[in-house]
K.L.:
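Below is a structure I'd like to ask you about.
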Amino acid sequence: MIAALWAGALHCHAAFAADIVLAPPPNGGFSVTSSDKTQIRLRVDEASGAVTVPGLASAPQQGTPVCHGPGGVLGHCAAVVGATGATGAAGATGATGPAGATGATGSAGPTGATGVAGPTGATGPSGATGATGNAGPTGATGVAGATGATGSTGALGPTGGTGAAGPAGPTGATGSTGPTGSTGSTGATGATGAAGSVSAGVTIREVTQSSVGAQVCAVTSCCLPGEKVLGGGHAASTGQTAPEDAGVYLGESRPVADCGGNTGAFGWSVRALNSYRSNLQSCSAYAICAQ
């Protein structure tokens, strides 16, 4: 049922500008598989428009149905109520249930009012003399007496020794900048440099690997002995039309030394990969070489 609902939703809605659109090729389809590509989890058939979920029959059972409205929009089903059936006969009276448990003890009532005070009792006999109490705390300090008169000045003491040298004073401020000196004489003209070399020419050397038939293709183009590699490029093809040709990307495209196992030779190495269903059919490496 869910497969049919999804099919209706896929065929009745127009795509919006911000949507991600999956357009299968004619007589093809769109499939979501397991990670090892051995089981189909969801498939949309282009020819019939049918949506299939092979694992639905073995999935855990759920309690809420799914319905669709105009245009194939999915949502909760409206409650479906059948006609009211006839009233059944009254059942027999059930047996008396067991007595319920004893309820909890209620809270204590409020305290009663204070009764009237009784008459004053007779005076009791005098008690025995109590023990002597502890000594009281020390009294506060008295006020200080008046300051005595100043004594006479004593005799002059001997001269003290010379004190240690004091710390060095802080560094003085930087003086103002002196006047600018006169311009020196012009130096002698240097010797003329050696003439630079000019490349005799640039050549693009191509190496193509065809009939690959795999998801990875690696190829290297080498310059001739004595040439330097200035740059390079690549080309790779699945031999398919869109969208099958959109999964090709580069693993590497870089210069190499000792190209082809030849010491001192330079070249350009390319490694192309395909992340889609079709294998690579060819790949090429281009080396831009110059003397």
Side-chain angles (χ1 to χ4, degrees), residues 15-46 184-291:
F16 294 99
D19 289 349
I20 297 175
V21 179
L22 300 177
N27 298 321
F30 167 72
S31 294
V32 177
T33 71
S34 59
S35 60
D36 58 2
K37 301 183 181 179
T38 60
Q39 299 183 37
I40 295 179
R41 303 300 191 195
L42 169 68
R43 176 169 175 78
V44 180
D45 187 76
E46 171 65 15
S185 58
T186 304
T189 303
T192 303
S197 61
V198 178
S199 174
V202 176
T203 303
I204 298 177
R205 305 200 182 279
E206 172 190 356
V207 174
T208 298
Q209 184 176 345
S210 58
S211 302
V212 177
Q215 291 189 345
V216 179
C217 178
V219 62
T220 302
S221 178
C222 297
C223 295
L224 296 180
E227 291 182 335
K228 301 293 188 295
V229 64
L230 305 181
H234 75 282
S237 173
T238 62
Q240 304 293 323
T241 58
E244 301 288 339
D245 62 341
V248 179
Y249 64 95
L250 277 182
E252 67 176 37
S253 179
R254 61 184 181 85
V256 293
D258 297 337
C259 187
N262 299 318
T263 303
F266 298 96
W268 198 267
S269 177
V270 171
R271 184 169 181 265
L273 302 97
N274 181 33
S275 62
Y276 209 59
R277 294 181 297 182
S278 298
N279 288 328
L280 290 167
Q281 299 303 312
S282 66
C283 65
S284 301
Y286 300 91
I288 304 174
C289 306
Q291 292 290 341

K.L.:
Tell me, with the steps shown, if Leu250 and Val270 meet side-chain contact (heavy atoms from CB on, under 4.5 Å).
P.N.:
CA-CA 8 Å; Leu250 277 182; Val270 171; 4.0 Å; yes
K.L.:
Rounded to the nearest 0.5 Å, what separation is found between the CZ atom of Arg271 and the OG1 atom of Thr220?
P.N.:
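One finds 12.0 Å between CZ of Arg271 and OG1 of Thr220.
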K.L.:
In Å, rounded to the nearest 0.5 Å, how long is the span from NE2 of His234 to CD of Glu252?
P.N.:
12.0 Å
K.L.:
OH/Tyr286 to OG1/Thr208 distance, rounded to the nearest 0.5 angstrom?
P.N.:
5.0 Å
K.L.:
Looking only at heavy atoms, which two atoms of Ala290 and Val202 are closest? And how far apart?
P.N.:
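What the structure gives for the nearest pair is CB-CG2, 4.1 Å.
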K.L.:
Could you report the tightest heavy-atom contact between Ala236 and Ala272, atom names first, then the distance?
P.N.:
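Heavy atoms only, the tightest pair is CB-CB, 3.8 Å.
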K.L.:
Work out which heavy atom in Arg41 is nearest to a heavy atom in Thr33; give both atom names and the distance.
P.N.:
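Nearest heavy atoms, Arg41 then Thr33: CG-C, 3.9 Å.
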K.L.:
Distance only, no hydrogens: is a donor on one side chain within 3.5 Å (strictly under) of an acceptor on the other, for Ser31 and Arg43?
P.N.:
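Checked: Ser31/Arg43 side chains pair up, N/O donor to acceptor below 3.5 Å.
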K.L.:
Kindly give the heavy-atom pair with the smallest separation between Ala287 and Val229, and that separation in Å.
P.N.:
CB-CG2, 4.4 Å
K.L.:
Grab the two heavy atoms, one from Trp268 and one from Ser253, that are nearest each other, plus how far apart they are.
P.N.:
NE1-OG, 3.0 Å
K.L.:
With a 2.5 Å cut-off on the SG atoms, do Cys223 and Cys289 make it?
P.N.:
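Cystine link detected, SG atoms below the 2.5 Å cut.
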K.L.:
Restricting to non-hydrogen atoms, name the atom on Val212 and the atom on Cys217 that form the minimum distance, rounded to 0.1 Å.
P.N.:
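It is CG2-SG, 3.6 Å.
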K.L.:
State the CD-OG1 distance between Gln215 and Thr238, to the nearest 0.5 angstrom.
P.N.:
11.5 Å
K.L.:
Heavy-atom count around Arg205 CZ within 6.0 Å, excluding the residue itself: above 12?
P.N.:
yes
K.L.:
Counting only heavy atoms not in Ile204 (residues, nucleotides, ligands), do more than 12 fall under 6.0 Å from its CD1?
P.N.:
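Incorrect, the count does not exceed 12.
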K.L.:
Given side chains that start at C-beta, do those of Glu206 and Ser221 come closer than 4.5 Å, heavy atoms only?
P.N.:
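Glu206 vs Ser221: side chains apart.
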K.L.:
As an exercise, state the distance from CD of Glu227 to CD1 of Ile288, rounded to the nearest 0.5 Å.
P.N.:
12.5 Å
